[in-house]
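Accompanying notes for the structure given below.
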Amino acid sequence: MRFAPSPTGYLHIGGARTALFNWLFARHNKGKFILRIEDTDRSRSTEEFIEAIIEGMRWLGLDWDEGPFRQTERLDIYRGYVERLISEGKAYYCYCSQEELERKRKEAMAEGRPVKYDRRCLSLKEPVSGVSPVVRFKMPQYGQTIVDDLIRGKVVFDNEQLDDLIILRSDGTPTYNLTVVVDDVDMGITHVIRGDDHLNNTPKQIHIYRALNYEPPVFAHLPMILGPDRTRLSKRHGATSVLAYRDMGYLPDAVVNYLARLGWSHGDQEIFTRQELIEFFTFDNVGKAASVFNPEKLLWLNGQHIMNTPPERLAELVIPFLVREGIIKDEDEVDRGWLSRAIVTLRERSKTLLELARSLRYYIVEDVEYEEKAKGKFLTGDRADLLLELRHALSGVEPFTAQNIEAVFRSIIEKRGIKLGALAQPVRVAMTGGTASPGIFEVLEIVGKDKALRRLDRAIKVSSGQ
RNA sequence: GGUCCCAUCGUCUAGUGGCCUAGGACGUAGCCCUCUCAAGGCUAAGACACGGGUUCGAGUCCCGUUGGGACCGCCA
């Protein structure tokens, strides 16, 4: 198996899904997974995109066994094959100009005829001087070609439709349809798994395999992933690169899980570990219809994976976000054990690592910022006395644990005959600045006694209007 | 326009001729739990594109229609 992206863009959701299915199939069958960069389009391929694709693969955890190979390092190999095809009469030089070809193409489309090269250069005996030719592959013109696809079954094409495609450009570089065949042969690829936008190319490639005296591999064409408007997924539909999801605080396991479920299923199961995906993945359960990318479901799944991730691990993962958000200055500023305990309270309330980091702010910084609405509602003059009583009671609590803190709260509300909410909400504002947080007793414990008392003092001042 | 592919709730999907009064999940709404927010639990609304066949029986097989998509490059 191989994943063979062209570095003319970042690793986007669609490419990642193709890579994932190749990887899952390879791992499930204990086969080899090869990464190959198809960079023969020199005008559009860049080093930056190559790096980004590799980084994206690494982040997703799609490790490869061989490569990354680059086609631009193999140009001599392709040229050898082209020469062989020409000498065997299976390919020929073509001197037609691009302008003329373009004109004929438009004409054919306008008149509703199939677009096809007219083979005018096929019978040429002498080279045309002053023109550097391309090389065309001679396609059979009668009979049928059957693509036996793992997902679609047998797909039949009439050879009459097949166009003599260009395999070598006038600048001497090979084109995709040749390189893909040569490399897949050369690298011993047994299964070609790719997007179904390649299905129409497949019969042509099959003939190139045959011309080279090789047996074509097994094909599996995956359905496309569409945006919410049911057109092909693009930048307009959100993140362009999978790395954007990393930066938004998504877990690679969640993205992998989501992508796997786009077009594949295992009964009613929604949440999978990587191991489960490898174990369960087969093409029997891959669907044929295109699917729409649903960011809400990905977000939910990310939340589920966060809940299933050990707090110690989350602590490591969230630290870069804490730094990025300016909550801490460097990664050693915060105690990992304490951070893990803080994360336990926030784990089921965070759908992304970014959200988790932002919620951790009020545990870490010295002073919280009050939300205007929350302050107006809960830090009012009539609460000052209540908060003061709590402050004094709390100062004697030792150890400062949620359990002991709760006992203090219970005794105060019982004495005063008030509901817990009447006390908890103002304290919540004092501790977090807002009205939504984990349970107030745990919040106090995590904040710690000294800081909690300081925050209460400040809240009391604000309440009493000082 | 030509060729090819596809078609179950808004979305992802289960379904491989009788287990389907079409199941699950996201999202939406309501209720429960509750110190707030989540998480969790329960409930609700919500789909077999249409028309013909085949069959005792069709979401499932066949044909057509409609709709969507891909490709038709000296891009991959």
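So that the names make sense, note that chain A is the first sequence line, chain B the second, and so on, each numbered from 1.
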Open item on the list: Base of C74(B), side chain of T175(A) - is there a donor-acceptor contact under 3.5 Å?
Closed with: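 Not at all, since no donor on one side and acceptor on the other fall under 3.5 Å apart.
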
Task: Distance-only donor-acceptor test (3.5 Å): side chain D197(A), base A76(B) - done: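 Per atom types, no contact qualifies.
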
Using purine N1 to pyrimidine N3 plus N6-O4 or O6-N4 for Watson-Crick, or N1-O2 and O6-N3 for G-U wobble, both under 3.5 Å, which nucleotide pairs with [N]?
N      : result
C26(B) : G10(B)
G1(B)  : C72(B)
U16(B) : none
C50(B) : G64(B)
C35(B) : none

[X] side-chain N/O to [N] phosphate OP1/OP2 under 4.0 Å:
X       : N      : result
T179(A) : A76(B) : no
K297(A) : A25(B) : no
R113(A) : G1(B)  : no
K351(A) : A39(B) : yes
S350(A) : A38(B) : no
S265(A) : A14(B) : yes

Gap between atoms [atom1] and [atom2], on [X] and [N] respectively (whole Å):
X       : N      : atom1 : atom2 : answer
M139(A) : C71(B) : CE    : P     : 18 Å
L222(A) : C6(B)  : CG    : C1'   : 14 Å
R347(A) : A39(B) : CZ    : C1'   : 11 Å
I166(A) : G73(B) : CD1   : C1'   : 8 Å
N257(A) : C26(B) : CG    : P     : 13 Å
I53(A)  : A76(B) : CD1   : P     : 14 Å
R428(A) : C35(B) : CZ    : P     : 10 Å
K116(A) : G73(B) : NZ    : P     : 13 Å

Select one nucleotide: of [options], the one nearest the side-chain heavy atoms of [X].
X       : options                : answer
D268(A) : A14(B), A39(B), C26(B) : A14(B)
N200(A) : C71(B), C6(B), U36(B)  : C71(B)
L420(A) : C35(B), A70(B), A39(B) : C35(B)
R230(A) : A39(B), G68(B), G24(B) : G68(B)
Q425(A) : U36(B), U13(B), A76(B) : U36(B)
E270(A) : G24(B), C5(B), A70(B)  : G24(B)
Q304(A) : G40(B), A70(B), C37(B) : G40(B)
R349(A) : C37(B), U13(B), G40(B) : C37(B)
Y176(A) : C72(B), A14(B), A76(B) : A76(B)
A424(A) : C74(B), C26(B), C35(B) : C35(B)

TODO: Take D196(A) and S132(A), find for each the nucleotide of RNA chain B with the closest heavy atom, and name the residue whose nucleotide sits nearer the 5' end.
DONE: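 Looking at RNA chain B, the more 5' nearest nucleotide goes with D196(A).
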
Task: Along RNA chain B (nearest heavy atom to each residue), the more 5'-positioned of L298(A) and R410(A) - done: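 The answer here is L298(A).
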
TODO: Please work out if V292(A) contacts a base, only the sugar-phosphate, or nothing of the nucleic acid, heavy-atom cut-off 4.0 Å.
DONE: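 Sugar-phosphate: the residue V292(A), judged by heavy atoms under 4.0 Å, touches backbone atoms but no base.
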
TODO: Name the nucleic acid region contacted by G263(A), choosing base, sugar-phosphate or nothing; use a 4.0 angstrom heavy-atom cut-off, strictly under.
DONE: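 Sugar-phosphate only.
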
Open item on the list: Can you list, in residue-number order, the parts of residues 153-161 of chain A that come under 4.0 Å of RNA chain B, counting heavy atoms only?
Closed with: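 Close to the strand are V155(A), V156(A), F157(A), Q161(A).
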
Can you tell me how far [atom1] in [N] sits from the matching atom in [M], rounded to whole Å?
N      : M      : atom1 : value
U60(B) : G15(B) : C1'   : 8 Å
C9(B)  : G2(B)  : P     : 29 Å
C26(B) : U65(B) : C1'   : 33 Å
U3(B)  : G64(B) : P     : 13 Å
C61(B) : A14(B) : P     : 14 Å

Task: Matching residue for I413(A) among R410(A), R416(A), K415(A) - test: side chain to side chain contact (heavy atoms under 4.5 Å, CB included) - done: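 By the side chain to side chain contact (heavy atoms under 4.5 Å, CB included) criterion, I413(A) pairs with just one of R410(A), R416(A), K415(A): R410(A).
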
Is it true that a side-chain atom of [X] and a backbone atom of [Y] form a donor plus acceptor pair closer than 3.5 Å?
X       : Y       : value
N257(A) : E270(A) : yes
N302(A) : K351(A) : yes
R383(A) : A422(A) : yes

Does NZ or CZ of [X] lie under 6.0 Å from the centre of the six-membered ring of [Y], at an angle within 45° of the ring axis?
X       : Y       : answer
R361(A) : Y363(A) : no
R428(A) : F378(A) : no
R455(A) : Y362(A) : no

- [ ] Determine whether H207(A) and K204(A) make a side-chain contact, defined as any pair of heavy atoms from C-beta on separated by less than 4.5 Å.
- [x]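 Side chain of H207(A) against side chain of K204(A), heavy atoms only: no contact under 4.5 Å found.
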
- [ ] Start with the C-alpha distance between Q141(A) and K116(A), add both sets of side-chain angles, then the distance that settles side-chain contact (heavy atoms from CB on, under 4.5 Å), and finish with yes or no.
- [x] CA-CA 12 Å; Q141(A) 292 300 299; K116(A) 208 171 142 185; 2.6 Å; yes

Open item on the list: Evaluate R36(A) against E38(A) for salt bridge (Lys or Arg N to Asp or Glu O under 4.0 Å), listing each step before the verdict.
Closed with: CA-CA 6 Å; R36(A) 183 173 79 221; E38(A) 309 218 321; 2.8 Å; yes

TODO: For a salt bridge (Lys or Arg N to Asp or Glu O under 4.0 Å) with R2(A), tell me which candidate from D184(A), D183(A), D186(A) qualifies.
DONE: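 Output: one option passes, namely D184(A).
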
